[in-house]
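All values below come from the heavy atoms of this structure, side chains included, with hydrogens, waters and symmetry mates left out. Everything quoted here is computed from the prediction, not taken from an experiment. We count residues from 1, following the sequence as given.
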Amino acid sequence: MDKLVIEGGHPLRGSIKISGAKNAALPLIAATLLAPGRHTVRNVPNLRDTRTILKLLESFGAKTELAADGTLTVDSDEISNLEASYELVKTMRASVLVLGPLLARFGRARVSLPGGCAIGARPIDFHLQALEKMGARLVLREGYVEAQAEASLAGAEVCFDIPSVTGTENILMAAALAKGVTVLKNAAREPEVGNLIEMLQAMGAEIEGRDTDRLTIRGVPRLKAADSAVIPDRIETGTYLIAVGAVGGEVTLTNCRPGHLPSVLDKLRQVGLVIEEGEDSIRVARRGALRNVDVKTMPYPGFPTDLQAQVMSLMAMTNGGLSVIHETIFENRFMHVAELRRLGADIRVDGRSAIVKGAGGFVGAKVMATDLRASASLVIAGLAAQGLTEISRIYHLERGYDNLVGKLRALGAKVQQMRE
Ligand code: UD1
């Protein structure tokens, strides 16, 4: 296993390119299962999670080829196996995204239940209830969901209790090939959902309501392979913006979409960062002292839960003052708090809120990565800390940050990846 060793205190300067979004690449890749032919998906990030979903597709019989420039081709003509094994699903919950497309195109699928995960229970009951409403027969056996649909799935009216991102994506894919009209209310409005809708439309799907919480999908008998591109990663973008806030310096992020980070840019401006938005770039600089802000995570366009840990590192660095960080999406997403405390942060957790008292900075120590975004908060703290920080179990970071070490080094950070 590898660890990261960071010598803190070197301001970040220069320019880096933001990669394609993990959370958009995964549903786009799953959507290639919906139609035979040769699909092209561009701007696919080089991540452990994208490699995992490609392995899953190959295990079904699809042929995949990912070029060094991020152009992926998938040939899903011959799908001979309809089972997503526990071995692959347990490493990535988002594997459940194959359920909708397999069921819609082949009328059956067997997908391992994802099980628990470090940031909470994260059930998939919304996905299953919606598919049942669309006529699927579901049996939970030996840790697997066994799903079957008679001739084809049927359109239905579905309303989610909470807007689920992958739930919305699964139902969009299932409904695209269902008989009749599906109306999905309280749908997730994340840009990654919009990216999937664009791809499905290019494949011939009839979908209305993009970027709203009410989606209408008129099923079509068949879809065709298409050429699509993954949108830039707004969470990677936000992570680098926050890193500059914590460490100081001035950085330009290219190939990103400022319009996908409305609440994040607002919040970081309140913190005191200078942010200039270009059409597809953002320049960020830290000029004065950091100010305390309160943060509440919300579905898009609110502040993303996937940046909660990182912004907590930033708030731990203010000179005194309190910030309240309230997590509304996942019940157990404060695993990073104990590790940030090891680096000198003053944070108290009370239910779903973390009360952060600015301690003026961090002091390097040995810490352990617990989940993907928690790991990013430790990297940010390590970059800002006095002395050396060693982060073990960095495989979590490799799930979601493309070339993290290379990008940080390009900005002047002193980071090394080595064997533990
Ligand atoms: C996606 C993102 C993840 C992000 C999360 C919230 C991907 C691959 N992952 O995860 O990075 O942190 O959105 O923005 O896109 N829920 C249920 N039952 C369900 C489904 C969800 O109770 O069947 C609850 C969840 O426990 C959570 C909330 O709904 O409290 C939102 O979760 P959801 O949007 O589904 O998260 P994911 O799609 O798994």
Side-chain angles (χ1 to χ4, degrees), residues 1-12 14 16-20 22 25-26 44-56 58 66-70 86-95 115-119 233 235-236 239-240 242-243 246-247 306 309-310 312-313 335-345 361-420:
M1 256 194 285
D2 281 6
K3 66 178 177 186
L4 279 190
V5 179
I6 307 178
E7 182 188 297
H10 302 281
L12 303 176
I16 50 170
K17 189 173 164 227
I18 294 300
S19 299
K22 168 178 90 71
L26 298 176
V44 172
N46 182 14
L47 302 170
R48 187 183 295 252
D49 274 9
T50 44
R51 289 192 292 272
T52 300
I53 199 154
L54 292 180
K55 262 195 225 157
L56 199 52
E58 299 229 324
L66 180 56
D69 70 351
Y86 178 61
E87 279 58 46
L88 287 170
V89 175
K90 75 174 180 202
T91 64
M92 188 182 72
R93 295 189 78 265
S95 306
C117 102
I119 64 172
D233 197 317
I235 305 302
E236 188 195 22
T239 301
Y240 285 108
I242 294 171
V247 194
D306 286 351
Q310 298 88 318
M312 193 180 294
S313 288
M335 307 288 283
H336 42 285
V337 169
E339 301 299 309
L340 288 175
R341 281 202 197 117
R342 291 177 53 76
L343 297 169
F362 292 104
V363 180
K366 287 189 181 176
V367 288
M368 200 156 66
T370 48
D371 74 51
L372 170 56
R373 307 305 171 183
S375 314
S377 76
L378 299 178
V379 171
I380 290 171
L383 290 168
Q386 282 171 33
L388 288 184
T389 298
E390 271 188 39
I391 307 176
S392 57
R393 297 203 184 169
I394 57 159
Y395 54 87
H396 289 289
L397 282 164
E398 291 163 356
R399 284 192 40 221
Y401 287 94
D402 189 351
N403 188 22
L404 177 76
V405 172
K407 290 186 187 185
L408 286 174
R409 280 205 187 145
L411 297 176
K414 302 273 185 278
V415 187
Q416 280 192 57
Q417 182 163 346
M418 45 179 82
R419 286 235 161 267
E420 296 216 43

Next item on the list: Taking the side chain as every heavy atom from C-beta outward, state whether V415 and E7 have any atom pair closer than 4.5 Å.
Entry: no
Item checked: Neighbour count >12 (heavy atoms, 6.0 Å) for atom CD, E58 -> yes
Note to self: Determine whether a donor-acceptor pair (N or O, by modelled atom type, separation under 3.5 Å) exists between the side chain of E339 and the backbone of M368.
What the structure shows: yes
Next item on the list: Just jot down the salt bridge (Lys or Arg N to Asp or Glu O under 4.0 Å) partners of R399, sequence neighbours excluded, or say none.
Entry: D49
Item checked: Min side-chain heavy-atom separation L340-S313 under 4.5 Å -> yes
Item checked: Considering all heavy atoms, the nearest Y401-R373 contact -> OH-NH1, 3.1 Å
Item checked: Crowding at NZ, K17 (>12 non-hydrogen neighbours, <6.0 Å) -> no
Checklist line | Residue pair T239 / I380: nearest heavy atoms and the distance that separates them | finding: O-CD1, 3.9 Å
Margin query: Let's go through K3 and K366 carefully: what are the C-alpha distance in whole Å and the side-chain angles of both, what is the deciding distance for side-chain contact (heavy atoms from CB on, under 4.5 Å) to 0.1 Å, and is it a yes or a no?
Written below: CA-CA 10 Å; K3 66 178 177 186; K366 287 189 181 176; over 6 Å; no
Next item on the list: To the nearest 0.5 Å, tell me how far F362 CZ sits from R341 CZ.
Entry: 12.5 Å
Item checked: Separation between CG of L56 and CG of L88, rounded to the nearest 0.5 Å -> 5.5 Å
Item checked: Side chains of L372 and K22 in contact at under 4.5 Å (non-hydrogen atoms) -> yes
Notebook entry, point to check: Any side-chain donor paired with an acceptor under 3.5 Å for S19 and K407?
Noted result: yes
Check: If only atom types and distance count, is the side chain of T50 paired as donor or acceptor with the main-chain N or O of N46 below 3.5 Å?
Finding: no
Item checked: Side chain to side chain, L4 and L397, heavy atoms closer than 4.5 Å -> yes
Notebook entry, point to check: Just how far is it from atom CD of E390 to atom CG of L388, taken to the nearest 0.5 Å?
Noted result: 7.5 Å
Note to self: Can you list everything that forms a salt bridge (Lys or Arg N to Asp or Glu O under 4.0 Å) with R48? Sequence neighbours excluded, please.
What the structure shows: E398
Next item on the list: Would you name the heavy atoms of G382 and T389 that are closest together and state the gap between them?
Entry: CA-OG1, 3.6 Å
Next item on the list: Please report the shortest heavy-atom distance between A246 and A384, naming the atom on each side.
Entry: O-CB, 3.6 Å
Next item on the list: Locate the shortest heavy-atom distance separating G364 from A385; write the atom from each residue and the value.
Entry: N-CB, 3.7 Å
Next item on the list: Using a cut-off of 6.0 Å, state whether more than 12 heavy atoms not belonging to R393 lie near its atom CZ.
Entry: no
Check: Between Q310 and S377, does any side-chain donor sit less than 3.5 Å from a side-chain acceptor?
Finding: no
Notebook entry, point to check: Rounded to the nearest 0.5 Å, how far apart are CD of E420 and OG of S392?
Noted result: 4.5 Å
Notebook entry, point to check: Can any side-chain N or O of H396 pair as donor or acceptor with the backbone N or O of T370 at less than 3.5 Å?
Noted result: yes
Check: So, do D2 and R419 sit near enough that their side-chain heavy atoms are less than 4.5 Å apart?
Finding: yes
Checklist line | A243 to L383 - nearest heavy-atom pair and separation | finding: CB-CD1, 4.4 Å
Notebook entry, point to check: Taking side chain as C-beta onward, heavy atoms only, is L343 less than 4.5 Å from V363?
Noted result: no
Item checked: Steps toward side-chain contact (heavy atoms from CB on, under 4.5 Å) verdict (Y86, T91) -> CA-CA 9 Å; Y86 178 61; T91 64; over 6 Å; no
Check: Quick one: does L47's side chain get under 4.5 Å of R51's, heavy atoms only?
Finding: no
Margin query: Using 0.5 Å steps for rounding, measure from the CD1 atom of I6 to the CD atom of Q417.
Written below: 11.0 Å
Next item on the list: To the nearest 0.5 Å, tell me how far L12 CG sits from L408 CG.
Entry: 7.0 Å
